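Everything below concerns the one structure shown next.
The analysis underlying the following values was restricted to heavy atoms, covering all of them including side chains, and did not include hydrogens, waters or symmetry mates. Proteins get letters first, then strands, A, B, ... in listed order; numbering begins at 1 in each. This is a predicted model, so every value here is computed, not measured.
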Amino acid sequence: MSGTKGLTSWLTTTDHKRIGLLYFWTAFVFFLIGGLEALIIRAQLARPGNTVVSAETFNQLFTMHGTTMIFLALMPLSAAFFNYIVPLQIGARDVAFPRLNAFSYWAFVLGGLFLNASWLLPNHPVPDAGWFGYANLTSREFSPGPNIDFWLLGLQILGVASLAAGFNFIVTILNLRAPGMKMMRLPVFSWMTLVTSFLIITAFPVVTVALVLLMFDRFFGTHFYLASAGGDPVLWQHLFWIFGHPEVYILILPAMGIISEVLPTFARKPLFGYTVVVYSGVLIGFMGWGVWSHHMFSVGLGPIADSVFSGTTMLIAVPTGVKIFNWLATLWGGQIRATSALHFAVGFIALFTIGGLSGVMHASPPADLQQTDTYFVVAHIHYVLFGGTVFGLFAGMYYWWPKMTGRLLGERLGKLHFWLMFVGMNLAFFPMHFIGLLGMPRRIYTYAPELGVAKLNLVSTVGAFLIGVSILVFLFNAWRTRKRGKVAGNDPWGGATLEWTIPSPPPPHNFDVIPTVASRLPRWSMTQLKAIPEGAELEKPHAPAGSWWPLVAACGLPVLALAPLTHTLWVAFLGAAILITGIYRWAFEPFEV
Amino acid sequence: MPPHRRRRWLTLLPLVLAGCGGPFPQSALHPESDYARSLDALFHGIFWWAVLVFVLVESLLLFILLRYRQRAGAATPKPTHGHTVLEIAWTLAPALILVFIAVPTMRTIFATQQPPAFDALKIEVIGHQWWWEYRYPAAGIVTANELHVPVGRPVALEISTADVIHSFWAPGLGGKRDLIPGHVNHITFTAESIGTFTGQCAEFCGESHANMRLRVAVESDSAFRAWLAGQGGLGRPAATGSVEEKGRDAFRRYGCIACHTVTGVSAGIIGPNLTHVGSRTTIAAGVLPNTAEGLARWIGDPPGVKPGAKMPKLPVAPADLSALVAYLQSLK
Amino acid sequence: MAHAAAAHHTSLGLDSRKMAFWAFIGSECLLFASLISTYLIYKGRSLVGPYPHDILNIPFTSISTFDLLMSSLMMVLALAAVQRGDLKWAKVWLFLTALLGIFFLAGQVYEFTSFVHEGLTLQRNLFGASFFVLTGTHGAHVTVGVIWILTLWSRALRGKLGKANALTVEICGLYWHFVDVVWIVIFTVVYLIQ
């Protein structure tokens, strides 16, 4: 059934490399959609009083831009690398639960489609209360249509996908390492994947509860977020941000992991302070749980709460800053090869630093009261998420493209992409610091010309479109590389970690022989890689089997979600039946990893 | 252009652009109250630390990129795995800087969240989708969208909402505070100079969130008293036979009385109090000027001006429209 | 069931499925912690009754708590039977576990319907909302557990639950004990500490 060709082989695949590619392409399409939404937003804001889109459409656009970029683009792009690269880095043949892996992917696709299906319905009832959907605007009273229902149901489907992936990668990294691959020999990217996975499995249940309570308010007449019955809309904010802050670390840690691989390779020096980089990542994971109310400094929690969360937020800047110095020290004294991947990794350092500094400004509640909910914070989030995560992900793309496809992306086009994106990003987002301080709040579809921010907004719009052009350059590069890219051998870069010991792309079973590892940098200490003993029997590599049941089970989720959306109970039973059938057949089918 | 020069331009460009233009009536960088000034002082402190770190890190990065570029034929670099003293230093230094930021932060938090002075002017701010209701309990006044306060006297805003979460933000006078159902929040400030400060809602509150603007008029004590006195009492009665009287009748006929209060004429509480609407400089929460054209545009098509507005678009005959406008303008 | 993960050597020496399940339980702890926190935050904030002291029946719920505890004991015995290859007793103990689980669910249904008759609904007040969502989520977990146990029991009936399957029974047992522990917490927080 699995085979290697044809639609069926892709629909039933449980091979982590194929699933990684599926995540990549799907997430990139959503990235383009989210980018298009951003461009329309920027077109609307280029001039005051503009009429590119209506108020309602604008509100839908910024809601979907945020939701899409976070849940459908950035997280799954990271997941693409978790899937493809982590098993290779730890010396495994696949993840611990290949079918669960497939299930995660299909649930992600279906959740993304469910969310975006709202664009296609008459009057497009697209979610329109922002990506963090504050109560009580999201109540049935103030959002009567199905917009918010699409949002809360779609996110719950996506939550299931993320949770399943989280469990899978925790077990994979802890349990499937090659002999000798001790935890403190793990590549940093795999370490950050582990921390991210722990954050996912602990943070997503909280937002699930938040969404379920909202669902009960909207469908079953409860008053969890409604003051009229003694409830409190601030409960939503607490539950959401207890999830939301760990979520931003879920978004940044993988990118930090990527550049912790890219910098040493192209500086030809090991990562400076590996232990500290790893521990600071773990520490950030833990400390990230203690800062959530810094998103709520304007709520009026009181001086003590404000002070505590201000303190914890400033504290978390320390392990974050330490990483920057470790990366600089890695480059120091190196022989830096200015490949495209390195450009993006360096860009990450430069831009994330700026985002981190504006973050420290936000950490002070009184100062933050002039910054929060304005374009200043929009600047901050884009410096860390675009300058940080997106640049980090592109570094990963240029770095691992040869491993995943067997061909190298063009370097000249890569550098063009970098410079266009770097300039575009700074033009788009640096002015926003000023725009915010000059009094423009966020999430407004238009602004008064008297504010005096029209010129800056225009500059920002130009920058945004420049980013768009840079993406086109990347797409052209990727397309051209398919046939005309330089063929990559096992190790085009001189990398230090295990993925560079096998062909590009790897065979289905990854390693002919599972290596025994004796160092953190197995490729750079070749003499430490134990040689295959004479006469040893090579393990018979077998292609991973495929299965339909993860896809079937995943299909049960959007059907279940349709029930409240259409107010029909039998649809819920149908969805549950599909889900349960899928799970049962999956549980009882004979499946060899 | 070499990378480092390009980067400098990028930073200067928006500063230059920001310099071109202005005044910036909604700027947070021109504080005009004690509250705003304490926030501004804190911000500037943090800002310069940030500039220091920025310059240090970015120039270090640039130096490294230029100095350690790959050279042909160079040996494999010496691996360095760590350097304890350096690592302790670069952990402690940021932590120390953060202490220098944290201490004034905590001080300012407590200083700005003190209960107001007992003689502060108390004003209740109630947010609606998408306008601001203001009540001056001591004077028994209810008005909307344009706040008047005396200069040099502490003002205590008690803020709450009638529907969803909003946020009151007049940047020149201080930071923002959310209006949350079931909560009463506080903003306390003493304005330091006479003038008009604009602001707007700063928490997404629905379709016309962008159109929920506010103005604060800081006035001399005497001007403020005069304004306050003028806001009391009945809506100015219309002379018999005048166009204002026709407007008042239209005001009744079209059902405006159901949503609006004009003391002596109607008692609706769904929309803003219009008893002295003629004394305001803008209408529709700062979105239109309070002129005949502005009023006509608003009354003629409220959802066209403010998408989602609860005030309906009624088929108002042109004669009635000009009468209504005249009537409202007369309500000074 | 997939045997593959068990057959391979693992880095920590723990079966992958068991490790995954512990991670899942960790995740579920946060799910229930969020629901319990919501309950606690809203305790005493209902604007109208019925209030907890009006309506909660501690003696009755103590019995259903005891029932659930006993079902955990049955589960322990079932696992021991499977581990020693004793199919006959495995069937007995698995069946009793499921039966006690069903009794618990029946008790919950009875309790909920009587609350509704006394005026406590989801919509009535914050107590109703937070109570029913919390205990309902727990009840849904118990239901899934019962279905799982009955599935194992039906495999046992067909002679397909030998020593080699002990791990799957152990994992089911982990789930069942977890659900029981959550109930102890709920019982304490909601019923006993008012």
inquiry  = Rounded to the nearest 0.5 Å, what separates atom OG in S71(C) from atom NE2 in H177(C)?
reply    =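 Between atom OG of S71(C) and atom NE2 of H177(C) there are 8.5 Å.
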
Using non-hydrogen atoms and a 4.5 Å limit, figure out which bit of [X] sits close to chain C: side chain, backbone, both or neither.
| X | value |
| --- | --- |
| L163(A) | side chain |
| L213(A) | side chain |
| N168(A) | neither |
| L235(A) | side chain |
| F198(A) | neither |
| L176(A) | both |
| S197(A) | neither |

inquiry  = Taking the ring centre of each residue, are Y42(C) and F127(C) less than 6.0 Å apart?
reply    =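 No, the ring of Y42(C) stays outside the 6.0 Å limit from the ring of F127(C), centre to centre.
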
message = Please tell me whether W176(C) and F21(C) form a close aromatic pair, meaning their ring centres lie under 6.0 Å apart.
response =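 For W176(C) and F21(C), the ring centres are not under 6.0 Å apart.
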
inquiry  = What part of T137(C) gets within 4.5 angstrom of chain A, counting heavy atoms only: side chain, backbone, both, or neither?
reply    =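 Neither; nothing under 4.5 Å.
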
message = Counting heavy-atom pairs closer than 4.5 Å to chain A, which one of I41(C), L14(C), T151(C) comes out on top?
response =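 Ranked by contacts with chain A, first place is T151(C).
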
